[in-house]
Visitor: 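Here it is: the structure, laid out below.
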Amino acid sequence: MQRVRITNILHADTPMGEVTVMGWVRTKRESKDFAFVEINDGSCLHNLQIILDAGTSGWEDLAQLLTGTSVRINGSVVPSPGKGQRWEVKAHRLEIIGTAGPEYPLQKKRHTDEFLRTIAHLRPRTNKYGALFRIRAELSFAVHRYFHERGFYLVHAPILTGSDCEGAGEMFQVTTLPLDAVPMEGGVVRYDEDFFGRPASLTVSGQLAAENLACALGQVYTFGPTFRAENSNTPKHAAEFWMVEPEMAFATLADDMDLAEDLVRELVRYAMDCCREDLALFAQFVDPGLMATLETVATRPFVRLPYAEAMDILVRSGKSFQFPVGFGHDLQTEHERFLTEEYCQAPVIVYDYPKEIKAFYMRHNDDGRTVAAMDLLVPRIGELVGGSAREERLDVLAARMAELGMRQEDYWWYLDLRRFGTVPHAGFGMGFERFLMLVTGVSNIRDVIPFPRTPKHLEF
RNA sequence: UCCCUGGUAGCUCAAUCGGCAGAGCGGGUGGCUGUUAACCACUAGGUUGGCGGUUCAAGUCCGUCCCAGGGAGCCA
């Protein structure tokens, strides 16, 4: 008989009859003449309750059924006389597939997130992490669905890159040169002997590739891994994380903000619709205010504040901030949190930043001192999205690069976009893990990634 | 990288002023005819993160290193 997933049994309107189920034992309650065994197969949050009577085939193995054991059960789905579940399975036969000894580290009681990080290979078998990685998968699908339905084409941006996407952070270098005997000449590394014949890195952003494809396909997005070699030890940073980066030709900053707001809102709605059971766990055990937060994001318009106005608000707030406020200063964490958590109590999009604190490719505004950049700030997380209109005017872009001492020949193909049929275009990047933190209420990025990579941590 | 707080049984945590190192869960054994993180009884389980110091006496005080968490910076 073919295996039936537990979610299908539990969510059926009528008992499914004879089934074969396979899964891992979560808990067992024994009596003299019968036992209840709860098993989970990862298909949903809830366990399936198996009732096994004394004498049933497999009863003699009951002592071995410790938490973590994998089993196969043949039985019939029947209405459960007990409280707590609608259907249960009356076993005709129980078979152990793989035992788990008493040293199996996951027990029935609650574990701390810190402990579970040390057993990242097993933590998906807990309720919380199982739910989390199901939500992660569902929302990944939702990202693709969102863009597909709106005519955006997926771009597979390269992971290996020779371009230093200026300002986006420290990069991981990739090389096949022997590190214990790097070929040198006159104190300089002989990169001509390296695999690509020049320095290479892991990508920090798919943006440049997306811009190129947007200026051909109209509107595109990338959704892939990015890498930062920053020595950041915080709950919001990882060395490897996934970004969603849409890019639109013939678009302005206003279009960009509209898209960011709509994307975030639609993804949150998708989660509320399609991940209800798993989300309920987070609302109950992780963040009691979660559903209210999601409701706010899903229904209330995001506040839009020009940077200059945001700075005015901070100055007039009367709050004493650790870092200076006023035009020209960057928004620090304390400022972001004040704006989104206290002043607006909603997601906020801050836009038109001073050009000095933003990247070279952002479009210059007519005021001569700001660029068409925007950041979406959300409660608890801070910056969730960063984007801009891209400078499409060749002369303006070239002048800015010269100011910053950048070599045009390193960006010849990027500049070609402006030489041949240039168009206004705009896009943004959304940190996917940060979005997951928003949706689940989880407060550490290490807990929304199956195998997180952070400084000094490459286990698993 | 900087600041703060921690590290006690497999896990989650107690241990008052420096004075016998404990509980619950998990494991084992036995009991129990519908349980729901089942229940009842018994039981095994410890180099109190490492090293050094103060003291009659250190889980507790001091120094140092390691690890973890929180905050900050860098950044998404």
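No hydrogens, no waters, no symmetry mates; every other heavy atom, side chains included, goes into these values. Below, read A as the first sequence line, B as the second, and so on, with proteins coming before strands; counting in each chain starts at 1.
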Visitor: For Glu30(A) and G27(B), give me the distance from atom CD to atom C1', rounded to whole Å.
Guide: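 Between C1' of G27(B) and CD of Glu30(A): 13 Å.
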Visitor: Remember a base hit wins even if backbone is also touched, and classify Thr112(A) as base, sugar-phosphate or nothing at under 4.0 Å, heavy atoms.
Guide: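 Result for Thr112(A) = sugar-phosphate.
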Visitor: State the syn/anti category of C32(B) according to its glycosidic angle, syn meaning within 90° of 0.
Guide: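 Nucleotide C32(B) adopts anti.
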Visitor: What nucleic acid atoms does Glu245(A) come within less than 4.0 Å of, heavy atoms only: base, sugar-phosphate, or nothing?
Guide: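 Nothing, no nucleic acid heavy atom in range.
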Visitor: Once you round to the nearest 0.5 Å, how far does OG1 of Thr203(A) lie from CZ of Arg228(A)?
Guide: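 Rounded to the nearest 0.5 Å, the OG1-CZ separation comes out at 8.5 Å.
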Visitor: Under 4.0 angstrom, heavy atoms only, what part of the nucleic acid is Leu106(A) near: base, sugar-phosphate, or nothing?
Guide: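 Nothing, no heavy atom under 4.0 Å.
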Visitor: What interatomic distance, in whole Å, is found between P of A37(B) and the corresponding atom of C75(B)?
Guide: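 It comes out at 48 Å once rounded to the nearest Å.
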Visitor: Rounded to whole Å, how long is the line connecting atom CD1 of Ile39(A) with atom P of U36(B)?
Guide: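 Distance, rounded to whole Å: 20 Å.
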Visitor: If you look at every strand shown and take non-hydrogen atoms under 4.0 Å, does Thr67(A) touch a base, only sugar-phosphate, or nothing?
Guide: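 If one applies the 4.0 Å heavy-atom cut-off, Thr67(A) turns out to touch nothing in the nucleic acid.
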Visitor: Which part of the nucleic acid, if any, lies within contact of Phe115(A), taking any heavy atom under 4.0 Å across all strands shown: a base, the sugar-phosphate backbone alone, or nothing?
Guide: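 The answer is sugar-phosphate, as Phe115(A) gets under 4.0 Å only of primed atoms, P, OP1 or OP2.
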Visitor: What's Gln85(A) touching, base or sugar-phosphate or nothing? Going by heavy atoms closer than 4.0 Å.
Guide: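 Base contact.
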Visitor: What's Gln322(A) touching, base or sugar-phosphate or nothing? Going by heavy atoms closer than 4.0 Å.
Guide: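 Nothing, no nucleic acid heavy atom in range.
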Visitor: Students often get this wrong, so: under 4.0 angstrom with heavy atoms, is Ala238(A) touching a base, only sugar-phosphate, or nothing?
Guide: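 Base, at least one base atom sits under 4.0 Å.
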Visitor: Would you compute the distance between atom CG of Leu377(A) and atom CZ of Phe302(A) and round it to the nearest 0.5 angstrom?
Guide: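 Answer for the CG-CZ pair, Leu377(A) versus Phe302(A), is 11.0 Å.
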Visitor: Closest to the Thr333(A) side chain: U35(B), G70(B), C75(B)?
Guide: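 Minimum distance to the Thr333(A) side chain belongs to C75(B).
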Visitor: How close do Ala373(A) and Ser388(A) get, counting heavy atoms only, and between which atoms?
Guide: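 Between these two residues, the closest heavy atoms are CA-CB, 3.8 Å.
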Visitor: Rounded to the nearest angstrom, tell me the gap between atom CZ in Phe34(A) and atom P in A38(B).
Guide: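 My rounded result for the distance is 14 Å.
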Visitor: Classify the nucleic acid contact of Pro105(A) as base, sugar-phosphate or nothing, counting any heavy atom under 4.0 Å across all strands shown.
Guide: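 Counting heavy atoms under 4.0 Å across all strands, no contact is made by Pro105(A).
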Visitor: Considering every strand and a 4.0 Å limit on heavy-atom distances, what is the contact class for Thr27(A): base, sugar-phosphate, or nothing?
Guide: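 Sugar-phosphate contact only - Thr27(A) comes under 4.0 Å of backbone atoms but never of a base.
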Visitor: Looking at every strand, decide which applies to Gly82(A) at a 4.0 Å heavy-atom threshold: base, sugar-phosphate, or nothing.
Guide: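 Since a base atom lies under 4.0 Å of Gly82(A), the category is base.
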Visitor: Whole-Å distance between C75(B) C1' and Gln332(A) CD?
Guide: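 Atom CD in Gln332(A) sits about 11 Å away from atom C1' in C75(B).
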Visitor: When you measure from the side chain of His111(A), which nucleotide among C11(B), G73(B), U35(B) comes out closest?
Guide: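 When the side chain of His111(A) is considered, C11(B) is the closest of C11(B), G73(B), U35(B).
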Visitor: Tell me, do Met248(A) and Phe152(A) make a side-chain contact under 4.5 Å, heavy atoms counted?
Guide: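 Answer yes - side chains close enough.
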Visitor: How would you label the contact of Phe428(A) with the nucleic acid (heavy atoms, under 4.0 Å): base, sugar-phosphate, or nothing?
Guide: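 Since no nucleic acid heavy atom lies under 4.0 Å of Phe428(A), the category is nothing.
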Visitor: Looking across every strand, which nucleic acid part, if any, lies under 4.0 Å from Asn233(A) by heavy atom: base, sugar-phosphate, or nothing?
Guide: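 The residue Asn233(A) makes base contact.
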Visitor: With a 4.0 Å cut-off on heavy atoms, is His237(A) in touch with a base, just the backbone sugar-phosphate, or nothing at all?
Guide: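 Base, at least one base atom sits under 4.0 Å.
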